[in-house]
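What follows is a short report on a single structure.
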Amino acid sequence: MSKDEIYKRPLQNIEDFSFDKAVSDAFDDMVDRSVPGYRTLIANIGPIASHFLRPNTHCYDLGCSHGAASLSIFNCLPHDSITIHAVDNSSAMIEQCNQLVLQAGANACIKTQLADINNLDIQNASVVVLNLTLQFLPLEQRHTLLKNIVKGMNPGGACILTEKIILEDNSTEQLFQALHTNFKSANQYSQLEISQKRKAIENVLIRESLEDHRKRLIDVGFSDVTVWFQCLNFVSLIAVK
Ligand code: GEK
């Protein structure tokens, strides 16, 4: 695992953040040092998924990066007749994911796929994971994707949705932003790295409020939406069909 030094030196032009080879190489370090509670999220996604998985159904990990959520689920599989589809549209991410899946001896169960999650044919799903992925889709694509997920999901199935949200109350939003900056500083990111990364990501990671997420999940056809995790602006929901 490489250390994340992508924004360490002053950059003349800060380009929009993208999931290229440099980001994939540093991803595990980057996500651990940038997302409060990332390891807790991953550790719990397996057991949560296991509760909803049914024999002979599919599980989808959309925007899987290196497959951490898929591997967490694989380690908690309640039935061996489940196929986990780990999908990402970054070839660097999928290549690394493939290697890790092979190393874990999970390649009979986890099928990696290089694809845009907007173009998937989701079928017979009992669990769909969107762990920190929906936030990277343009706003206008989010409703259609979730509608497609509900359409391909069996009744009683669940979507695990983790997002960086925006707080509706401005003073709490300011407080959480400041605490998140403290978190990154405590993880050895310099002020320069924090500000350059913020600039790179501002047009790419579009946050919405918890209320907007909840409303859209209900609009597309989920019947029950519960928050199971929150640390600062990072929230994870279980939406049941
Ligand atoms: C984890 N879930 O470790 N189609 C496919 N993949 C996409 C798309 C798209 N349209 N847009 C973005 N991605 C992971 C972490 S990272 C979150 C998810 C982060 C992919 C993108 O290539 C990247 O791998 C992932 O979504 C977002 O549990 O880096 O903060």
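Any value given below was found using the heavy atoms of this structure, including those in side chains, with hydrogens, waters and symmetry copies removed. One-based numbering, in listed order, for ligands and for the atoms of each.
Residue Cys97 is tested with Thr112, Ile110, Leu71, Leu102 for a side chain to side chain contact (heavy atoms under 4.5 Å, CB included); the sole match is Thr112.
Residue contacts with ligand 1: Asp116 is included, with a non-hydrogen atom under 4.0 Å away. Ligand 1 lies out of reach of Val129, whose nearest heavy atom is not under 4.0 Å from it. Look at Ser34 and you'll find every heavy atom at least 4.0 Å from all atoms of ligand 1.
Residue Gly63 places at least one N or O, backbone or side chain, under 3.5 Å from an N or O of ligand 1. Of the N or O atoms in Asp61, none lie within a sub-3.5 Å distance of an N or O in ligand 1. Here's the thing with Ile117: one of its N/O atoms is less than 3.5 angstrom from an N/O atom of ligand 1.
In this structure a side-chain-to-backbone donor-acceptor pair under 3.5 Å is present from Tyr60 to Gln123. A donor-acceptor pair under 3.5 Å is formed between the side chain of Asp61 and the backbone N or O of Ser70. Asn124 places a side-chain N or O within 3.5 Å of a backbone atom of Asn56 that can act as its donor or acceptor partner.
Per-residue contacts place Met93 under 4.0 angstrom from the following atoms of ligand 1 (heavy atoms of the residue considered): 24 (O). Below 4.0 Å from some heavy atom of Leu137 lie the following atoms of ligand 1, by number and element: 10 (N), 11 (N). Atoms of ligand 1 found under 4.0 Å from any heavy atom of Phe19, numbered from 1 in the order shown, are 21 (C), 22 (O), 23 (C), 27 (C), 29 (O). Of all the atoms in ligand 1, the ones that sit under 4.0 Å from a non-hydrogen atom of Tyr38 are 1 (C), 3 (O), 28 (O). Contact atoms of ligand 1 toward Phe27: 3 (O), 15 (C), 29 (O) (distance under 4.0 Å to a heavy atom of the residue). Remark: ligand 1 atoms within the under-4.0 Å shell around heavy atoms of Ser90 are 22 (O). When each atom of ligand 1 is checked for a heavy atom of Ile42 under 4.0 Å away, the hits are 28 (O). Atom numbering of ligand 1 starts at 1 in the shown order; those under 4.0 Å from a heavy atom of Ala115 are 4 (N), 5 (C).
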Handout entry: Residue pair Arg33, Lys184: steps toward the side chain to side chain contact (heavy atoms under 4.5 Å, CB included) verdict
Key = CA-CA 6 Å; Arg33 289 163 67 211; Lys184 288 185 278 191; over 6 Å; no

Handout entry: CA sep, side-chain torsions, deciding dist, call: Lys111, Thr83, side chain to side chain contact (heavy atoms under 4.5 Å, CB included)
Key = CA-CA 7 Å; Lys111 303 294 171 202; Thr83 305; 3.7 Å; yes

Problem - Stepwise side chain to side chain contact (heavy atoms under 4.5 Å, CB included) check, Cys159 with Met153 - result: CA-CA 9 Å; Cys159 177; Met153 186 175 273; 4.3 Å; yes

Exercise for the section: Check the pair Ile94 / Cys64 against side chain to side chain contact (heavy atoms under 4.5 Å, CB included), numbers first and verdict last. Expected result: CA-CA 8 Å; Ile94 278 292; Cys64 62; 3.9 Å; yes

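Protein heavy atom at the shortest distance from atom 17 (C) of ligand 1 is Leu132 O, 3.2 Å. Counting only heavy atoms of the protein, atom 22 (O) of ligand 1 lies nearest to Asp88 OD1, 2.6 Å. At the top of the distance list for atom 16 (S) of ligand 1, counting protein heavy atoms only, stands Ser65 OG, 3.2 Å. Here the protein heavy atom with the shortest distance to atom 19 (C) of ligand 1 is Phe136 CE1, 3.6 Å.
Taking 4.0 Å as the cut-off between side-chain N and carboxylate O, Glu208 and Arg216 count as a salt-bridged pair.
Across all their heavy atoms, Tyr7 and Glu193 have their closest contact at O-CG, 3.3 Å.
Note on ring orientation: taking the six-membered ring where Trp is involved, the planes of Phe19 and Phe136 are perpendicular (angle over 60°, cut-offs 30° and 60°).
Between the side chains of Ser90 and Asp88, not a single donor N or O lies within less than 3.5 Å of an accepting N or O.
Ranked by closest heavy atom to atom 6 (N) of ligand 1, the top entry among Asn89, Leu205, Thr162 is Asn89. Comparing heavy-atom distances from atom 28 (O) of ligand 1 across Asn131, Leu62, Ile160 singles out Asn131 as nearest.
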